[in-house]
Amino acid sequence: MPASATAPQTNVANVAIALAACAVLAAGAGGWALWQGQFPAAARSAAAPPPLLLAPMVGVIDTCILAPSTTAAARPPELSATCAGPEGSAAALLESTLSPLQPQGRATAAYTLGYTLPVPLLQLFRQSGDGWAIDQGTVDRLVRTVRDTERPLILYLFATHFATDAPLEQALAQDPANLAQTRDGPLAPSRYYESVIHNWSLATTQNELTARRVQATQALLEAMCRLPAKDIAKIKGVTLLGELHQLFPDFEAGMGFDAPYRVTDYSPASVAGFQQFLRGEFGRIGQLNRVLGADYASFDAVQPPSRDIRTELLQRFTEHIDSFAHGSLPIGGWAYVPPTPGQKEGGAPAWVHVYRNGVFVGKTPVNQGRQDVLAAKPEFGDTNTGWRLDMDFRRLPAGEYRMDVFLESTPGSLTPLGTRHIALIDRDQSAPQALPQKPLPASVPANTALQAHIDLPAEQSSYYYNPLVPLWHRFRQQQVVDYLQFFNGVVNQSCLADTPHYTHQIIPFSNPSWDANKYAIGSSLQPMQGVRLGVSLYGDATYSEVFSRWYGRSGHAGYGVTEFHPLKALNAAAVQQMLGQHAQRGAEFVSFFMEPRWQGALLERGYNTFSLDPQNAQFGSATLYQSVQQILTAPTTAP
């Protein structure tokens with residue numbers, strides 16, 4: 001993600017909510033295998049879908065909800081009167097922002113216009129003489145916003161690693177029990193462009209961080225549940241926590257495949273949990289030893305892999321870990337072929353073919369978003385130049401391999417993109433031997449206009465498979481699921497137990513340069529008991545087959561789009577087609593960012609670059625706003 005994609009440090013609560021999504025653009029791709037068919041297709045209904053709820057996330061928290069008396073000077077007096085006081089709420093500001101898209105009371109058969117109300121949980125506290133207490137005034141303004149706004153909403157319980165400048169965050173960050181740990185200890189606060197990152201732990205629920213999240217959620221929901229039933233019914237869904245995943249150092253730039261490899265969580269509670277996980281998987285230590293080729297005396301002797309065999313001394317081979325030790329090698333890069341005259345935009349993509357020692361491995365389309373490539377080469381005018389194929393090397397013999405990559409821009413015509421020489425090394429680190437080679441397929445010279453690069457693998461690179469590593473990653477994924485399920489249980493104790501609950505997760509396979517195992521969210525993208533899929537979709541994931549092919553095999557029967565931006569200008573017809581495809585597929589709501597406007601005027605605040613707004617020229621946002629406006633004010637149509 002380009003640095004310009006972040007908002008200023010002011011109005012941190014809304015900036016943090018925005019940045020929690022913007023991280024999707026920065027890099028990854030370990031979930032790539034999911035869309036290639038690990039799960040059975042979900043049952044589909046042939047009936048027409050219900051109206052799709054469009055639920056924009058309007059920046060009303062810092063402008064109206066949080067301590068409105070301290071920010072009154074920055075607001076028009078008539079707006080201040082609606083925000084503050086014994087009956088203050090953000091309802092008037094919401095309606096002022098939403099009505100230009102679609103006036104209250106006007107509707108179409110295809111869409112319902114509502115809103116997403118983000119609640120930064122750790123901002124619901126104030127310091128008192130006895131410690132930290134719930135700020136009931138803030139809670140009441142949130143509740144009255146729901147009461148006083150007739151539109152339906154998605155309630156977003158927001159509490160992730162992106163700081164909101166809540167005073168409580170500073171106190172929580174002083175306790176290592178609240179922090180995620182790499183092998184080197186607790187992760188200190190870091191930055192993501194203009195935002196502070198608090199590297200909160202999800203390895204345990206037995207810490208103050210979780211207790212405060214629970215306390216804030218219970219206080220909010222208890223107040224919400226005192227509303228009349230007709231107001232509670234406006235809440236069409238609850239999204240849980242925001243992007244929840246494992247963490248790593250240098251969050252701004254460390255999501256790729258570069259060494260050194262440091263991931264979470266290595267806290268004592270997590271290590272003990274991993275040992276218990278192995279007991280549950282294998283029952284007897286002898287069975288685990290057979291799988292690993294090891295000689296552990298007990299499960300308590302097993303430590304998570306944490307060292308790199310290339311640079312560190314290992315006591316056991318099973319201590320080795322890096323981005324590839326789970327047995328999969330990403331082969332990826334980017335390619336750009338200028339469209340031929342008359343070629344339709346968005347037509348069939350080119351394909352990359354990969355050969356190993358002359359044997360065809362597979363092919364993959366050139367259709368993945370690469371914002372970094374477009375930033376470096378704006379003349380391309382297209383971000384969808386990325387490609388990636390994951391090669392399973394767990395059962396390949398040790399030895400030297402030649403990897404050849406070809407581009408198929410027209411059917412049956414292969415153009416060489418490059419060659420990489422790699423070695424698969426056994427656990428004894430024996431010198432790799434040359435392996436037999438087969439002739440490569442016939443190829444044609446490269447088009448002079450072709451530009452391409454192979455990012456991975458690096459030339460003369462080596463790889464080791466450690467069978468303990470995929471078990472470690474599975475456990476780390478389960479930690480994410482367990483924390484979400486714990487928090488879901490908290491919401492289930494309220495009147496919103498029967499309201500749909502959604503995750504709010506990124507999809508790493510939408511960017512081919514991420515190492516998704518660092519995030520460990522694969523299991524949380526699979527169907528979970530009592531929690532529906534909520535995903536943030538950016539770029540080609542909003543309109544291409546990248547998401548739809550994965551979703552068709554995922555086993556989900558519906559989903560919510562917790563954040564949404566195509567990252568390019570689309571006219572009303574294209575937007576309607578895109579939204580219609582999501583509705584037909586099973587989407588229940590789509591949320592996108594919007595800037596708050598009072599009587600048509602933009603309010604001064606930390607501007608979110610990804611807001612759909614008539615004054616935002618970034619990523620085609622102004623055009624997208626106008627397209628949505630046309631759709632919502634057009635005569636009634638079906639998607």
Student: With a 4.5 Å cut-off on side-chain heavy atoms, are Leu624 and Leu570 touching?
Tutor: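 They are in side-chain contact.
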
Student: Has Gln505 got a side-chain atom pairing as donor or acceptor with Leu244's backbone, closer than 3.5 angstrom?
Tutor: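 Checked: pair present.
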
Student: What I want to check is whether the side chains of Ser536 and Tyr538 have a donor and an acceptor closer together than 3.5 Å.
Tutor: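 No, no side-chain donor-acceptor contact under 3.5 Å.
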
Student: Ile506 and Ile521: side chain to side chain contact (heavy atoms under 4.5 Å, CB included), yes or no, with the steps?
Tutor: CA-CA 8 Å; Ile506 59 175; Ile521 62 171; 3.4 Å; yes

Student: Spell out, as yes or no, whether a donor-acceptor pair under 3.5 Å connects the side chain of Thr503 to the backbone of Gly534.
Tutor: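 Indeed, once roles are kept as given, a pair shorter than 3.5 Å links the two residues.
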
Student: Restricting to salt bridge (Lys or Arg N to Asp or Glu O under 4.0 Å), what partner residues turn up for Arg597, sequence neighbours left out?
Tutor: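 Arg597: salt bridge (Lys or Arg N to Asp or Glu O under 4.0 Å) contacts with Asp613.
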
Student: At their closest point, which heavy atom of Ser409 faces which heavy atom of Ala350, and how far apart are they?
Tutor: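 For Ser409 and Ala350, the tightest heavy-atom pair comes out as CA-CB, 3.9 Å.
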
Student: Within the 3.5 Å criterion, strictly below it, is a donor on His245 or Ser524 matched to an acceptor on the partner's side chain?
Tutor: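 Note: His245 and Ser524 side chains miss the donor-acceptor criterion.
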
Student: Search all heavy atoms of Ala180 against all heavy atoms of Thr264 and return the closest pair with its distance.
Tutor: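 For Ala180 versus Thr264, the nearest heavy atoms are CB-CG2, 3.5 Å.
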
Student: For residues Phe547 and Tyr559, establish whether the separation of their ring centroids is below 6.0 Å.
Tutor: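 Yes.
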
Student: Find the distance between OH (Tyr115) and CD1 (Ile154) and round it off to the nearest 0.5 Å.
Tutor: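 Spacing of OH (Tyr115) from CD1 (Ile154) equals 10.5 Å.
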
Student: I'd like to know if the side chain of Glu595 and the backbone of Asn608 have a donor-acceptor N/O pair within less than 3.5 Å.
Tutor: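 Looks like yes, one N/O pair under 3.5 Å.
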
Student: Atom OG1 in Thr385, atom OH in Tyr336: separation rounded to 0.5 Å?
Tutor: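 Those atoms lie 10.0 Å apart.
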
Student: May I ask you to check whether Thr419 and Asp404 show a side-chain donor-acceptor distance below 3.5 Å?
Tutor: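 On atom types as modelled, these side chains qualify, holding a pair under 3.5 Å.
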
Student: Given the rule in the side chain to side chain contact (heavy atoms under 4.5 Å, CB included) test, do Arg191 and Val196 qualify, once you have shown the distances and angles that lead to the verdict?
Tutor: CA-CA 4 Å; Arg191 302 194 68 83; Val196 172; 3.4 Å; yes

Student: My understanding is that only residues two or more places apart in sequence, or in another chain, count here; which of them pass ring pair (Phe, Tyr, Trp, His ring centres under 6.0 Å) with Tyr502?
Tutor: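 Ring pair (Phe, Tyr, Trp, His ring centres under 6.0 Å) check on Tyr502 returns Phe589.
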
Student: Do the side chain of Arg388 and the main chain of Pro512 share a donor and acceptor less than 3.5 angstrom apart?
Tutor: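 Checked: pair present.
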
Student: Fit a plane to each ring of Tyr192 and Phe162, take the angle between them on a 0 to 90° scale, and name the class: parallel (under 30°), tilted (30 to 60°) or perpendicular (over 60°).
Tutor: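 Ring orientation of Tyr192 relative to Phe162: perpendicular.
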
Student: Would you mind reporting whether Val469 and Tyr464 have side-chain heavy atoms less than 4.5 Å apart?
Tutor: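 Side-chain contact under 4.5 Å: no.
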
Student: Determine the minimum heavy-atom distance between Thr116 and Ala55, stating which atoms define it.
Tutor: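 Looks like OG1-O, 2.7 Å.
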
Student: Do side-chain atoms of Asn616 reach the backbone of Thr609 as a donor and acceptor pair under 3.5 angstrom?
Tutor: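 Judged by distance alone, yes, a pair lies under 3.5 Å.
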
Student: Rounded to the nearest 0.5 Å, what separates atom OG in Ser462 from atom CD in Glu400?
Tutor: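 It is 11.5 Å, given to the nearest 0.5 Å.
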
Student: What I'd like to find out is whether the side chain of His565 reaches to under 4.5 Å of the side chain of Thr542, using heavy atoms alone.
Tutor: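 Contact flag for His565/Thr542 side chains = no.
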
Student: For the residue pair Phe324 and Phe257, does the interplanar ring angle fall in the parallel (under 30°), tilted (30 to 60°) or perpendicular (over 60°) class?
Tutor: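 Plane angle under 30°, so parallel.
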
Student: Would you say Gln371 and Leu567 make side-chain contact, with heavy atoms under 4.5 Å?
Tutor: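 In contact.
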
Student: With distance as the sole test, does Ser621 use its side chain to make a donor-acceptor pair with the main-chain N or O of Leu612 at under 3.5 Å?
Tutor: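 No, because the side chain of Ser621 does not come within donor-acceptor range (under 3.5 Å) of the backbone of Leu612.
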
Student: Between Thr562 and Thr239, do the side chains contain a donor N or O and an acceptor N or O under 3.5 Å apart?
Tutor: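 Side-chain D/A pair, Thr239 to Thr562: absent.
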
Student: Nearest 0.5 Å, what's the CD1-OH distance between Ile331 and Tyr355?
Tutor: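 That separation rounds to 13.0 Å.
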
Student: Could you tell me whether the side chains of Asp515 and Ser323 share a donor-acceptor contact shorter than 3.5 Å?
Tutor: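 Judged by distance alone, the side chains do pair up.
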
Student: To the nearest 0.5 Å, how far apart are OG in Ser461 and CZ in Arg420?
Tutor: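 So the gap between those two atoms works out to 9.0 Å.
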
Student: List the steps, then state whether side chain to side chain contact (heavy atoms under 4.5 Å, CB included) holds for Phe406 with Lys363.
Tutor: CA-CA 9 Å; Phe406 297 85; Lys363 66 177 184 177; over 6 Å; no

Student: Could you go step by step and tell me if Phe158 and His504 meet the side chain to side chain contact (heavy atoms under 4.5 Å, CB included) rule?
Tutor: CA-CA 10 Å; Phe158 171 68; His504 187 128; over 6 Å; no

Student: Is there side-chain contact between Leu450 and Thr415, with at least one heavy-atom pair below 4.5 Å?
Tutor: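 Contact flag for Leu450/Thr415 side chains = yes.
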
Student: Are the aromatic ring centres of His353 and Phe360 under 6.0 angstrom apart?
Tutor: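 Yes, they do, as the ring centres are separated by less than 6.0 Å.
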
Student: First locate atom CG of Leu396, then atom OH of Tyr465, and finally report the distance between them rounded to the nearest 0.5 Å.
Tutor: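 Interatomic distance, Leu396 CG to Tyr465 OH, rounded to 0.5 Å: 12.0 Å.
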
Student: Looking only at atom types and distance, does a side-chain atom of Asn357 sit under 3.5 Å from a main-chain N or O of Tyr401, one as donor and one as acceptor?
Tutor: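 Not a single qualifying donor-acceptor pair exists.
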
Student: Is there a side-chain contact between Ser554 and Leu525 (heavy atoms, below 4.5 Å)?
Tutor: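 The answer is no, as the side chains (C-beta and beyond) never meet within the 4.5 Å cut-off.
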
Student: Where is the tightest heavy-atom contact between Ser328 and Asp390, given as atom of each residue plus distance?
Tutor: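 Nearest heavy atoms, Ser328 then Asp390: OG-CB, 3.6 Å.
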
Student: So, for His326 and Pro470, which heavy atoms are closest and what is the spacing to 0.1 Å?
Tutor: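 Shortest heavy-atom separation between His326 and Pro470 comes out as CA-CD, 3.8 Å.
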
Student: Taking Lys518 for the side chain and Gly256 for the main chain, is one N or O donor matched with an acceptor at less than 3.5 Å?
Tutor: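 Present.
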
Student: Knowing that exactly one of Phe564, Tyr551, Tyr543 qualifies, which makes a ring pair (Phe, Tyr, Trp, His ring centres under 6.0 Å) with His582?
Tutor: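 By the ring pair (Phe, Tyr, Trp, His ring centres under 6.0 Å) criterion, His582 pairs with just one of Phe564, Tyr551, Tyr543: Phe564.
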
Student: Between His453 and Trp334, is any pair of side-chain heavy atoms under 4.5 Å apart?
Tutor: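 A side-chain contact exists here, since the closest heavy-atom pair is under 4.5 Å.
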
Student: Are any side-chain N or O atoms of Glu588 and backbone N or O atoms of Leu53, one a donor and one an acceptor, separated by less than 3.5 Å?
Tutor: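 It does not hold such a pair.
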
Student: Would you check if Asp455 and Ser513 make a side-chain contact, meaning some heavy-atom pair closer than 4.5 Å?
Tutor: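 No, side chains not in contact.
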
Student: Could you tell me whether His161 and Phe251 have their ring centroids closer than 6.0 angstrom?
Tutor: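 Ring centres of Phe251 and His161 closer than 6.0 Å.
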
Student: Quick check: closest heavy atoms across Thr97 and Pro100, and the distance to 0.1 Å?
Tutor: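 In terms of heavy atoms, the two residues are closest at O-CD, 3.3 Å.
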
